[in-house]
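Quick notes on the structure that follows.
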Amino acid sequence: MRLSSTPAIKPIMQSYLHQQIMSVLSQLGGTPPDFDLEFQQPANPDHGDLACNVAMQLARHFKKSPRQIAEDIKNGLESLPLDPTKISSVEIAGPGFLNFRIASTYLFDALQDIIDQGETFGRTGLGKGKRALVEFVSANPTGPLTVGHGRNAVLGDTIARLLDWTGYDVEREYYFNDAGRQMRVLGESVKARYLAELDPELGTKWIGDEGERIEVPLPFPEDGYLGDYIADIARELIASGEQIDVEDTDRFKRAAEEKIFAEIEATLSRMAIKMDSYFNERSLYDSGQIWKIIDLFREKDLAYDKDGAVWLKTTAFGKEADTVLVKSTGEPTYRLPDIGYHIEKLERGYDRVVDVFGADHIATFPDVVEGVRALGYDADRIEVVIYQFVTLVRSGQPVKMSTRKATYVTLDELMDEVGEDVTRFFFLMRSPNTHLEFDLDLAKEASDTNPVFYLQYAHARIQSILRKATETGLPERGEVSLAMLVHEAEIALIKTLLGLPEQIARAAELNEPHRLANFLREVAVAFTQFYGNCRIIGEDDSLARSRMELAKATALVLRNGLTVLGISAPDRM
RNA sequence: GCCCUCGUAGCUCAGGGGAUAGAGCACCGGUUUCCUAAACCGGGUGUCGCAAGUUCGAAUCUUGCCGUGGGCACCA
């Protein structure tokens with residue numbers, strides 16, 4: 001039997017051992033000034049539950065061999081002595097590692113603790129009293145959300161959930177701009193379709209590059225939006241019977257914005273995503289904040305006029321060239337409102353300001369962060385999560401998508417095809433900074449080859465066992481003795497379960513939800529090994545009940561973990 | 001040309017300066033009078049892109065080179 005690794009033990013044992021080892025080291029003659037102990041969890045179970053490399057690190061300091069130092073520390077620890085209800089053994093191995101094994105009584109207490117904590121197991125208080133803002137999606141309402149937005153949405157929402165579970169007071173915000181060029185073109189696109197609907201004799205023209213030529217009504221803008229939803233909006237306007245002044249392009253824009261925003265919210269809602277606030281870029285103009293920022297840059301000699309435009313000295317931030325803040329037309333480039341927006345967020349007092357951006361922003365956000373910093377704000381509070389692009393794969397071939405032809409796959413279509421849970425999980429299961437290959441065939445497969453089903457199945461199976469146990473007459477109440485859980489699969493499972501809080505905390509700290517997804521797979525694997533080796537129904541009542549407690553704790557860990565990922569934990573499949 | 005990402009098994013990818021670098025898929029073989037076979041068990045020879053450097057120790061940190069993707073507009 002191959003047992004899964006034990007990612008859990010470290011925080012439990014570490015603080016205790018840290019104290020004990022430092023105490024021994026001071027008896028042995030002390031440590032260098034800025035020295036601190038390092039612990040790690042061995043990949044190999046033969047190396048115990050926790051290892052310390054202190055002997056190797058201090059070989060030079062003590063002018064002794066690492067193994068000799070390890071021997072001295074071990075002797076020192078044993079004469080303290082170590083608490084046998086916490087640590088069951090200390091061994092020296094390899095070049096001088098100290099390998100510690102956790103006492104099983106400690107594990108049983110910890111297991112009881114999981115059960116007692118129930119739905120709150122996994123929560124930690126690292127962010128207690130702190131506030132975080134996660135800004136994500138932030139697509140201008142020019143069309144339906146696409147697969148690419150989906151990765152953004154799921155990452156942002158899950159990061160918010162992770163922060164919530166680590167004690168932060170979290171808000172989700174959507175930033176958009178309804179006053180820019182994109183939205184103007186959107187209004188003109190709708191207007192052109194509207195006119196064409198009213199007047200079938202209205203001429204058409206061809207736009208686009210060679211190979212991608214598309215027929216559109218004559219008034220259609222060259223870079224207009226081509227999706228069918230534009231004509232739908234136009235037809236709805238006609239059907240509404242409203243008298244519209246066709247010169248009032250803004251009316252078409254507003255109609256489009258309203259309709260599209262409602263659809264975006266509905267799409268997000270399918271994935272259990274709800275924004276707390278929407279921030280309109282326009283408010284930065286209305287408040288005049290934007291122009292104050294330029295003055296501040298000028299005062300610091302970081303902005304100047306040239307060729308009728310206002311330039312930001314990005315060369316002062318290490319860039320090759322300066323960049324334009326305000327065009328000669330008087331219209332700011334995106335940098336200026338972006339800087340303003342981030343200052344606004346920092347002034348709202350958040351301890352962490354997380355942005356979720358696609359890879360196309362990778363080179364531009366540093367201008368914004370450095371600009372904010374240059375104005376005296378604590379830009380270290382800004383954390384930018386960059387994710388790489390998504391490729392859909394069907395039958396081993398990439399699905400061709402073209403924004404130009406509006407032949408992209410929408411997020412709704414993706415969810416229609418593979419389901420909401422699978423959509424969320426697939427967007428989360430890879431590190432944000434790796435290019436994501438979304439295999440549609442795998443996503444639709446209802447077997448253990450699909451990682452989502454594998455996790456959900458483990459949960460459903462536990463619930464099934466618990467139902468069955470009740471049906472077969474196992475008394476609800478009775479003696480439970482967790483100390484009966486001595487099989488190596490049982491011990492390994494307990495150790496794995498204990499890792500949930502640390503895994504969530506680490507994923508939150510690094511803004512990397514995939515860590516939790518990977519951890520849950522380990523839990524499911526460890527449970528499956530337990531399931532294969534240890535029966536519940538049919539055993540003596542007290543052993544059966546003890547194992548049921550372990551199974552319940554496993555279900556809790558799976559459900560809590562899946563909840564953080566925004567994925568359901570079904571009782572039956 | 002410059003900046004940023006990534007480069008790990010046939011494929012998709014984990015990997016927090018540590019011990020013999022892992023998982024899933026695929027492929028091969030086995031398991032069902034037994035709590036969900038939507039399952040389980042067994043099977044891994046890889047220049048961790050290449051080369052230097054730092055370190056007791058490097059897939060991990062530094063630098064250079066090669067390759068992928070993204071970006072280098074008075075677009076966002």
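First the proteins, then the strands, lettered A, B, ... as listed; each starts at 1.
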Given that A:K468 and A:A446 both sit by RNA chain B, which one's nearest nucleotide is further toward the 5' end?
A:K468

What residues form a ring-ring contact (aromatic ring centres under 6.0 Å, His included) with A:F438, not counting sequence neighbours?
A:F426, A:F427

Do any N or O atoms from the side chain of A:D322 and from the backbone of A:W311 form a donor-acceptor pair under 3.5 angstrom?
no

Output all residues satisfying side chain to side chain donor-acceptor pair (under 3.5 Å) with A:E512, sequence neighbours left out; order by chain, then residue number.
A:R515

So, OP1 or OP2 of B:A19: does either fall under 4.0 Å of a side-chain N or O from A:N44?
no

A:A309 has a side chain; which of B:C25, B:A76, B:C74 sits nearest to it?
B:C74

Choosing from B:C40, B:U5, B:A23, which nucleotide comes nearest the side chain of A:R521?
B:A23

With respect to A:P432, which candidate in A:V385, A:N511, A:I159, A:L510 satisfies the side chain to side chain contact (heavy atoms under 4.5 Å, CB included) definition?
A:V385

Shortest side-chain distance from A:A93, nucleotide among B:C25, B:G70, B:A19:
B:A19

Does any residue of residues 457-467 of chain A have a heavy atom under 4.0 Å from RNA chain B, and if so, which ones, in number order?
A:Y457, A:A460, A:R461, A:S464, A:I465

Sequence-distant partners of A:F357, ring-ring contact (aromatic ring centres under 6.0 Å, His included), two or more places apart:
A:H361

Can you give me every donor-acceptor pair (side chain of residues 460-469 of chain A, partner residue at least two apart or in another chain, under 3.5 Å) with its distance?
unit_1, atom_1, unit_2, atom_2, d
A:Q463, NE2, A:H459, NE2, 3.4
A:R467, NH1, A:D571, O, 3.3

Comparing A:L98 and A:E512 on RNA chain B - which has the more 5′ nearest nucleotide
A:E512

What's the closest nucleotide to the A:H514 side chain, out of B:G15, B:A19, B:C25?
B:G15

Among B:C74, B:A39, B:U36, the nucleotide that comes nearest once only the side chain of A:T528 is considered
B:A39

Tell me whether the side-chain N/O atoms of A:T434 come closer than 4.0 Å to OP1 or OP2 in B:A14.
yes

To the side chain of A:Y531, which of B:G15, B:G18, B:U36 is closest?
B:U36

Can you pull out the residues from residues 64-74 of chain A that lie within a 4.0 Å heavy-atom distance of RNA chain B?
none

Any protein N or O atoms within reach of nucleotides 8-12 of chain B? Criterion: under 3.5 Å, listing atom names and distances.
unit_1, atom_1, unit_2, atom_2, d
B:U12, O2', A:R430, NH2, 2.8

Spacing between A:D338 atom CG and B:A76 atom P, to the nearest angstrom:
10 Å

Taking atom P of B:A37 as reference, at what distance in whole Å does atom CE of A:M573 sit?
13 Å

Short side-chain N/O contact from A:Y454 to OP1 or OP2 of B:C40, under 4.0 Å:
yes

Contact under 4.0 Å: A:R515 side-chain N or O vs B:G16 OP1/OP2:
yes

Show me the donor-acceptor pairs, under 3.5 Å and distance only, between side chains in residues 143-151 of chain A and residues at least two apart or in other chains.
unit_1, atom_1, unit_2, atom_2, d
A:T146, OG1, A:G148, N, 3.4
A:T146, OG1, A:H149, ND1, 3.2
A:H149, ND1, A:T146, N, 2.9
A:R151, NH1, A:Q388, O, 2.7
A:R151, NH1, A:T434, O, 3.1
A:R151, NH2, A:S431, O, 3.0
A:R151, NH2, A:T434, O, 3.2

Provide, to the nearest angstrom, the distance between the NE2 atom belonging to A:H61 and the P atom belonging to B:U55.
19 Å

Pairs: protein N or O with nucleotides 56-62 of chain B N or O, under 3.5 Å:
unit_1, atom_1, unit_2, atom_2, d
B:C56, OP1, A:R60, NH1, 3.2
B:C56, OP1, A:R60, NH2, 2.6
B:C56, OP2, A:R60, NH2, 3.4

So is the aromatic ring of A:F97 stacked onto the base of B:A19, judging by whether the centres are under 5.5 Å apart and the planes are under 30° apart?
yes

Shortest side-chain distance from A:P42, nucleotide among B:A76, B:C6, B:A19
B:A19

Want to know the stems of RNA chain B: at least 3 consecutive Watson-Crick or G-U pairs with distances under 3.5 Å, which are they?
B:1-4 with B:69-72, B:10-13 with B:22-25, B:27-31 with B:39-43, B:49-53 with B:61-65

Got a sec, which residues hit ring-ring contact (aromatic ring centres under 6.0 Å, His included) with A:Y341, two or more places apart in sequence or on another chain?
A:Y175, A:F279

Rounded to the Å, how far apart are A:Q40 CD and B:G15 C1'?
13 Å

Name all residues meeting the salt bridge (charged side-chain N to carboxylate O under 4.0 Å, His left out) criterion together with A:R535; count only those two or more places apart in sequence or in a different chain, and write none if there are none.
none

